[in-house]
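For reference, the structure is listed below as structure tokens.
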Amino acid sequence: MQIPAPFDYVRATTVEDALELLARHGPESRIIAGGHSLLPMMKLRLSRPEWLIDINDLFELDFILRDGEDLRIGALTRHTTLLESDEVHRLFPIVRDAELVIADPVVRNRGTIGGSLCQADPAEDLSTVCAVLGAIAVVRGPGGERTLSMHDFHRGPYQTAVGPDELLCEVRLPIRARSASAYEKVERRVGDWAVGAAGASVTLAEDGSIADAAVGLTALGLDHTVEEAAGLLRGKRPSEELFADAGRLAAEACDPVADQRGPVDYKRHLADELTRRVLRRACARAAGHPDQPATPTQEG
Amino acid sequence: MTVIHERESNPAAGDADRPIGYGRIQRKEDPRFVRGKGHYLDDIVLPGMLHGAVLRAPVAHARLVSIDTTNALAHPKVHAVITGKDLEGLKLAWAPTLSADVQAVLVTDKVRFQGQEVAFVVAEDRYAARDALELIDVEYDVLPPLVDARRALDADAPLIRDEMEGRTDNRIFDWEMGDAAETDAVFAGADVVVSQEMVYPRVHPAPMETCGAVADFDPVDGKLTLYETTQAPHAHRTLFAIVAGIPEHKIRIVSPDIGGGFGNKVGIYPGYILAVVGSIVTGRPVKWMEDRSENLMSTSFARDYIMQGEIAATKDGKILALRTNVLADHGAFNATAQPTKNPAGFFSIFTGSYDLQAAHCKVTGVYTNKAPGGVAYACSFRVTEAVYLVERMVDVLARKLEMDPAELRLKNFIKPEQFPYANKTGWVYDSGNYEAAMRRSMELAGYEELRREQQEKRAKGELMGIGLSFFTEVVGAGPRKHFDIVGLGMADGAELRVHPTGKAVVRLSVQSQGQGHETTFAQIVAEELGIPPENIDVVHGDTDQTPFGLGTYGSRSTPVSGGAVALVARKVREKAKLIAAAMLETRPEDLEWEKGRWFVKGDPTAGKTIEDIAMAAHGTLTLPEGVDGNLDAEVTYDPPNLTFPFGAYICVVDVDPGTGRVLVRRFIAVDDCGTRINPMIIEGQVHGGLTDGVGMALMEIIEFDADGNNLGGSFMDYLIPTAMEVPDWETGFTVTPSPHHPIGAKGIGESATVGSPPAIVNAVVDALAPFGVTHMDMPCTPARVWAAMQGRATPPI
Ligand SMILES: Cc1cc2nc3c(=O)[nH]c(=O)nc-3n(C[C@H](O)[C@H](O)[C@H](O)COP(=O)(O)OP(=O)(O)OC[C@H]3O[C@@H](n4cnc5c(N)ncnc54)[C@H](O)[C@@H]3O)c2cc1C
């Protein structure tokens with residue numbers, strides 16, 4: 001058994017209570033949500049918070065609701081809830097694509113969207129998902145509430161704009177007509193973190209051309225979306241050549257590092273290959289076509 | 001998951017569900033496991049028990065400058081801190097390994113691998129013990145590490161074992177088998193010679209339960225009770241007597257339920273010794289249980305063989321000879337658990353299933369700055385590496401000759417009439433019908449159809465591969481005159497007592513780690529005596545309660561202890577015959593046996609069941625001359641030869657051309673382990689081994705960086721397969737009993753782990769044929785497969 005360094009523990013009862021506890025216990029305190037990123041690091045004694053502030057009783061942060069042109073998702077919403085939500089799937093198919101390959105059911109039952117985004121692991125999948133969907137993060141702190149684009153929220157590997165006395169409360173996903181999205185990840189084994197992954201979201205114009213698009217990469221050394229690809233895609237008709245060009249731009253934009261999951265050239269290749277695949281699938285979905293299996297599956 | 005397997009008729013079964021004897025019955029041990037009532041090492045709680053934790057070296061190679069334990073000792077819950085210096089005083093700083101080497105229990109002079117044991121804390125609870133580790137101050141003088149085994153013998157390589165008198169290099173041994181000159185001559189005259197370097201990377205057995213011990217030394221009567229996660233309790237008792245100087249009758253080793261061993265629990269780890277020292281020092285029981293990272297980083301690994309293979313053949317595909325040079329990385333201490341006379345284990349079985357004119361192998365073992373050990377699941381004492389070598393080489397040859405790999409194998413198999421078959425490296429294969437197994441496997445797979453499908457897919461640019469492997473194992477060591485471990489002959493004992501009411505207890509020297517011994521061995525007694533398996537208790541894992549023997553590893557339990565149990569049951573049966581004759585007032589030679597009963601020849605109504613006889617044996621009957629009043633017996637079985645299980649495996653993979661991901665779509669496994677005792681248990685062993693094979697072929701590797709840091713120290717980094725990576729197993733069988741084994745059984749524990757990796761790699765290489773790929777090393781991760789597709793396949797080490 002791996003054993004963390006000593007720490008104290010308290011359960012927050014409301015968002016206000018959590019903020020107050022954060023203020024009281026200072027920067028050596030940590031919010032614990034699903035615990036699936038924080039606890040492993042504590043067990044390896046890589047993270048040694050003095051206080052854990054447990055927000056699992058904050059049911060007010062566990063919701064998915066449609067509010068006008070936004071889908072609002074509470075920070076405590078579990079991976080499983082996102083995976084199983086038909087409404088989320090209908091509006092943002094990328095979420096189910098991603099959730100199906102995030103960890104395993106045990107982790108997904110506890111892990112939360114808020115924890116995922118705040119952990120900001122470079123191989124974390126929901127950051128890419130939220131980035132390509134143009135999500136807005138709602139953060140509360142002693143000074144009240146503020147909203148941030150994912151670009152402003154995400155400050156690089158393991159870094160976000162959420163201050164030590166703040167809480168991420170929800171994520172708002174803008175709903176757009178004639179839009180669809182897709183995600184694909186290469187992992188060495190089910191439940192493993194990405195070797196590389198790509199996500200795309202597209203909005204088609206009436207005439208079938210691409211009105212807007214976003215491409216994001218996971219674990220490939222790029223914190224934000226691939227702006228060059230989005231620029232290229234806008235106003236063009238979807239085609240294999242276009243996807244290939246976008247893939248090439250993604251490969252150029254990324255900056256992967258070699259590790260046990262693979263060398264740089266392979267990861268760069270994945271940026272290209274997976275960008276093409278997710279654009280192909282997102283465009284087909286936006287045009288109303290059923291999914292084609294992209295890769296052979298175990299069931300296949 | 002649906003599992004396709006063949007059901008065999010079970011002539012031994014009284015009715016299909018509850019056979020008295022061999023057949024498909026549920027495991028007797030499972031009710032306690034599925035109800036969470038198993039009793040593992042970490043479940044043991046003794047009154048007053050303290051907890052130990054090991055401080056481990058953060059670097060791979062460093063002089064130990066100083067250790068300051070003052071702050072740790074000042075921790076209010078700490079009872080003792082033990083360092084290498086303390087052990088030196090007790091003459092326990094170094095302990096003998098199972099391979100005629102010594103291993104540091106705690107570092108005294110120099111750290112030799114990352115994760116090596118540096119100090120031991122004994123505290124009130126496990127939390128305090130861990131916290132106190134951080135209070136020990138250690139100063140290291142870091143040395144350049146030796147990580148790459150290929151550089152181990154370079155003149156400028158760091159000398160790892162500088163404490164050994166007169167040692168100037170990192171060579172542990174050179175070992176040869178076969179006739180080099182004869183082999184060279186055959187190679188020189190051959191039409192075709194192909195060579196290929198292949199690496200079997202370092203992998204880890206990664207049992208679900210990590211290693212641990214609870215030591216309870218009684219200061220009054222001097223008796224040590226040591227609960228251990230061990231696969232070999234009796235061998236451990238003798239070794240502890242030798243190492244710790246405690247008289248052997250004052251040592252009791254108890255191996256409780258074990259959560260998987262796979263060879264990981266054969267050796268004696270420093271932690272076990274430290275728990276004993278901790279208990280002696282504090283006068284209280286001490287528990288030590290390693291965590292997952294400690295298990296992965298410091299306990300016995302498997303493989304780590306760099307093999308240069310060469311195969312010679314005629315141009316029409318008659319294989320003539322095989323030779324190989326192997327560089328074996330044994331880590332910092334030679335702690336491999338294998339028979340004394342076999343430093344490379346049974347690697348010389350690399351001649352495989354083929355009738356060769358000559359064969360030769362040379363293995364060089366070297367020290368590196370890595371964890372020691374090197375026997376593990378389907379090590380089968382290195383049969384795994386041997387089978388991988390020959391089965392890959394045959395495929396390399398098939399490609400060169402442009403022959404179908406199935407056809408090439410069929411052409412070269414040892415024929416049924418050639419058994420017993422003496423191979424070119426000194427083994428005598430007991431029995432086999434290889435062609436039958438191969439054809440069965442091809443039939444189950446629909447081999448021709450698969451090849452057609454592959455053609456169609458290739459035309460469309462899809463990558464489908466079909467891989468074959470045909471393995472012959474050598475398992476079940478002794479005989480004791482040839483095989484020993486630190487001088488202890490590899491034989492096993494069994495004791496059987498039939499109680500007055502006809503229920504029985506059989507005591508074994510081997511210890512289960514999940515293989516179902518409580519069922520299999522009860523079934524052997526049941527088959528021999530006709531007592532239902534549920535009425536037979538199997539006792540194992542406690543040296544105070546069981547006869548001496550060498551333990552469970554290398555698939556030896558059924559070949560060795562299975563023989564012992566059959567023979568002890570037969571001894572009881574013979575004794576029962578004498579008693580039955582007295583009861584029936586007839587001569588023993590007039591009696592005939594049917595399962596469960598002796599009766600008078602020609603008068604089936606005049607008979608006595610084993611229950612009747614058991615009661616009479618313990619009752620008031622006047623017993624014949626020389627027969628004691630019980631129905632008990634004991635034997636030690638010294639096998640006359642090893643057994644040679646075999647099998648034919650076919651794997652079908654699909655490779656994603658864009659990402660290099662490998663999907664194992666189908667796997668067909670036909671196994672022949674001789675007589676089948678419990679087919680369900682056999683299938684379980686096969687399923688587990690196949691899954692392990694998928695792990696090794698596709699993802700498992702313990703890597704090190706240039707500084708000697710272990711990169712596989714957690715399950716996030718060291719990947720083992722899940723149900724999602726494996727297909728529905730399709731299993732089949734043939735039955736070729738071992739002629740010399742009392743019940744014809746051969747052992748199945750490691751067959752699938754041995755046999756499956758080459759089938760999977762052969763399938764991946766076959767899938768990549770359109771890219772001109774002729775070989776790639778494990779693990780076939782997406783990145784490595786993609787590199788192979790680009791013509792840049794590289795060895796993993
Ligand atoms: C075996 C395994 C495999 C995994 N594989 C993947 C994978 O493939 N892809 C992937 O994306 N993820 C993966 N994960 C991570 C998983 O998705 C985590 O659940 C997630 O990253 C963190 O969510 P959590 O709720 O568990 O956060 P926690 O561990 O509770 O917290 C993580 C961090 O976020 C902070 N935090 C949490 N909630 C808030 C909040 N509302 N406001 C401010 N700060 C907050 C915490 O203080 C902490 O610093 C894996 C995890 C495991 C254990």
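This one's a predicted model, so the numbers in the text were calculated from it and none came from an experiment. By convention in this document, chain letters (A, B, ...) are assigned in the order of the sequence lines, proteins followed by strands, and residues within each chain are numbered from 1.
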How about [atom1] on [X], more than 12 heavy atoms from neighbouring residues, nucleotides or ligands closer than 6.0 Å, or not?
| X | atom1 | answer |
| --- | --- | --- |
| B/Y127 | OH | no |
| B/M208 | CE | no |
| B/K457 | NZ | yes |

For the residue pair [X] and [Y], what are the closest heavy atoms and their distance?
| X | Y | result |
| --- | --- | --- |
| A/G262 | B/A783 | CA-CB, 3.7 Å |
| B/D131 | A/A5 | OD1-CA, 4.5 Å |
| B/M716 | A/R261 | O-NH2, 4.0 Å |

Name the member of A/E187, A/K267, A/H269 that forms the most heavy-atom pairs with chain B at distances under 4.5 Å. A/H269

Contact class of [X] relative to chain A, heavy atoms under 4.5 angstrom:
| X | value |
| --- | --- |
| B/P721 | backbone |
| B/R784 | neither |
| B/T210 | neither |
| B/E134 | side chain |
| B/R666 | neither |

Classify the ring geometry between B/W786 and A/Y266 as parallel (under 30°), tilted (30 to 60°) or perpendicular (over 60°). tilted

Euclidean distance, A/R45 CZ relative to B/L133 CG, rounded to 0.5 Å: 7.5 Å

Rounded to the nearest 0.5 Å, what separation is found between the CG atom of A/D265 and the CZ atom of B/R792? 4.5 Å

Out of B/I720, B/I701, B/T781, return the one with the most heavy atom pairs under 4.5 angstrom to chain A. B/I720

Going through the checks in order, is the side chain to side chain donor-acceptor pair (under 3.5 Å) test met by B/T659 and A/E273? CA-CA 7 Å; B/T659 64; A/E273 176 72 27; over 6 Å; no

Has the side chain of A/Q2 got a donor or acceptor atom that lies under 3.5 Å from a matching backbone atom of B/R292? no

Backbone of B/L711 reached by a side-chain donor or acceptor of A/Q260 within 3.5 Å: yes

May I have the step-by-step check of salt bridge (charged side-chain N to carboxylate O under 4.0 Å, His left out) for A/K43 and B/D291, ending in yes or no? CA-CA 11 Å; A/K43 289 208 276 185; B/D291 65 30; over 6 Å; no

Is A/V190 close to chain B through its backbone or its side chain, or both, or neither, when contacts mean heavy atoms under 4.5 Å? both

Would you sort out whether B/D717 and A/R188 count as a salt bridge (charged side-chain N to carboxylate O under 4.0 Å, His left out), showing the intermediate values? CA-CA 10 Å; B/D717 305 307; A/R188 294 173 300 175; 5.6 Å; no

